[in-house]
Amino acid sequence: MDARIAVLASGTGSNLQALLDDPVVGRAIRLVISDRAEAKALDRARSAGIEAVHLDPKDYEDREAHDRALVELLQDRGVDVVCLAGYMRILTPAFVRAYWERTVNIHPALLPAFPGAHAVRDALAAGVKTTGCTVHLVDEEVDHGPILAQEAVPILEDDDETSLHARIQEAEHRLYPAVVRRLLEGDMPRLHVGTEAQ
Ligand code: GRF
């Protein structure tokens, strides 16, 4: 129960907020990191009294070096589990291997359909009638890795990207905290949380 979580976010951080608002998950969040200084997610962390760090990619030679610094920071703070919440950078093997089976992501589509940065737009363009969101373990491919949970969301006749994304986000805000909570409560045996598994 005393696993330590870090959340990585690049933008608004509404999923971060949903995680913070869950009484079990919120207590476990010790660190929020962003690649963007202006990310609202950092303000949300500060308001919750949680350490907020801007790790600027410009300060590092390449993606590998940035990710090595990221892993160092996470390890220094004793982080067990990493939650990606709208983190818009592709993670390198240096990161993925260090936190393998301990990094989860939320994606606004029913993977393996519509990976990538335009999942909501792509689902609309494809004319599918149902989309949704997926929580999955992170591997070395983008929006790929073992699926932990999904919630379906219907696409309505008059949906545009904004209205559909808003409805998907309502589902995300239910699903993500519920999955992370199960993970912390030891209800997901394939995930190794805590020091004994390292
Ligand atoms: C979410 O829709 C998430 O699925 C995707 O990026 C978006 C982040 O939104 N990975 P927010 O910053 O949590 O509001």
Side-chain angles (χ1 to χ4, degrees), residues 5-22 25-26 28-29 31-48 50 52-55 57 67 70 81-92 95-96 99 102-126 128 130-156 159-181 183:
I5 295 179
V7 180
L8 271 51
S10 301
T12 312
S14 69
N15 279 285
L16 164 67
Q17 193 63 54
L19 295 171
L20 286 169
D21 290 345
D22 181 282
V25 178
I29 298 175
L31 178 64
V32 173
I33 302 173
S34 184
D35 55 322
R36 295 195 184 148
E38 69 284 4
K40 197 169 167 219
L42 290 175
D43 296 330
R44 292 183 192 267
R46 290 182 195 110
S47 305
I50 289 164
V53 178
H54 170 220
L55 209 61
D67 274 8
L70 186 59
V81 175
V82 178
C83 296
L84 306 183
Y87 187 63
M88 297 309 286
R89 290 177 64 79
I90 295 170
L91 292 160
T92 63
F95 175 89
V96 174
Y99 278 89
R102 294 185 296 143
T103 306
V104 288
N105 182 40
I106 178 95
H107 181 75
L110 296 175
L111 292 173
F114 311 119
H118 305 293
V120 180
R121 193 186 307 167
D122 293 346
L124 274 173
V128 294
T130 303
T131 184
C133 55
T134 301
V135 179
H136 65 97
L137 290 178
V138 171
D139 69 10
E140 291 177 18
E141 287 177 55
V142 176
D143 299 325
H144 188 269
I147 291 171
L148 301 177
Q150 294 184 309
E151 185 172 327
V153 173
I155 298 184
L156 308 179
D159 262 334
D160 58 18
E161 194 176 342
T162 307
S163 64
L164 179 57
H165 199 183
R167 196 165 335 99
I168 292 171
Q169 286 218 309
E170 285 175 27
E172 291 184 337
H173 300 162
R174 278 190 295 274
L175 189 70
Y176 207 10
V179 171
V180 177
R181 194 172 176 151
L183 192 160

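Starting from 1, each residue takes its place in the sequence as its number. Predicted model, so just to flag it, every value in this text is computed and none were measured. Indexing begins at 1, ligand by ligand and atom by atom, following the structure's order. Hydrogens, waters and symmetry mates play no part in the numbers below; they use all other heavy atoms, side chains included.
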Interatomic distance, Y176 atom OH to N105 atom CG [nearest 0.5 angstrom]: 6.0 Å
Determine whether any heavy atom of G13 lies closer than 4.0 Å to an atom of ligand 1. yes
Taking [atom] as the reference point, the nearest protein heavy atom with its distance:
atom                    : result
atom 7 (C) of ligand 1  : Q169 NE2, 3.9 Å
atom 8 (C) of ligand 1  : G86 CA, 3.7 Å
atom 14 (O) of ligand 1 : S14 OG, 2.5 Å

With heavy atoms of E172 as the reference, note each atom of ligand 1 found under 4.0 Å away.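 Every atom of ligand 1 under 4.0 Å from some heavy atom of E172: 1 (C), 2 (O), 3 (C), 4 (O).
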Should you measure from each heavy atom of T12, which atoms of ligand 1 turn up under 4.0 Å away?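 Selected atoms, number and element: 12 (O), 14 (O).
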Is L137 close to V104 at the side-chain level, that is, under 4.5 Å between some pair of heavy atoms?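 Yes, at least one pair of side-chain atoms sits under 4.5 Å.
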Close side-chain approach of D35 to L55, heavy-atom, < 4.5 Å: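 D35 does not reach L55 side chain to side chain.
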Does I147, at its CD1 atom, have more than 12 non-hydrogen atoms belonging to other residues, nucleotides or ligands within less than 6.0 Å? yes
Which one of L8, L70, L91 satisfies the side-chain contact (heavy atoms from CB on, under 4.5 Å) criterion with V82?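 For V82, the side-chain contact (heavy atoms from CB on, under 4.5 Å) test succeeds with only one of L8, L70, L91, which is L8.
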Check ion pair D159-R167 (N to O, under 4.0 angstrom):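 The answer is yes: the pair qualifies as a salt bridge.
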Regarding ligand 1, does I106 bring an N or O atom to under 3.5 Å of one of the ligand's N or O atoms?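 Indeed, backbone or side chain, I106 has an N or O that close.
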Who's closest to atom 2 (O) of ligand 1 heavy-atom-wise, of H165, H107, M88, K40? H165
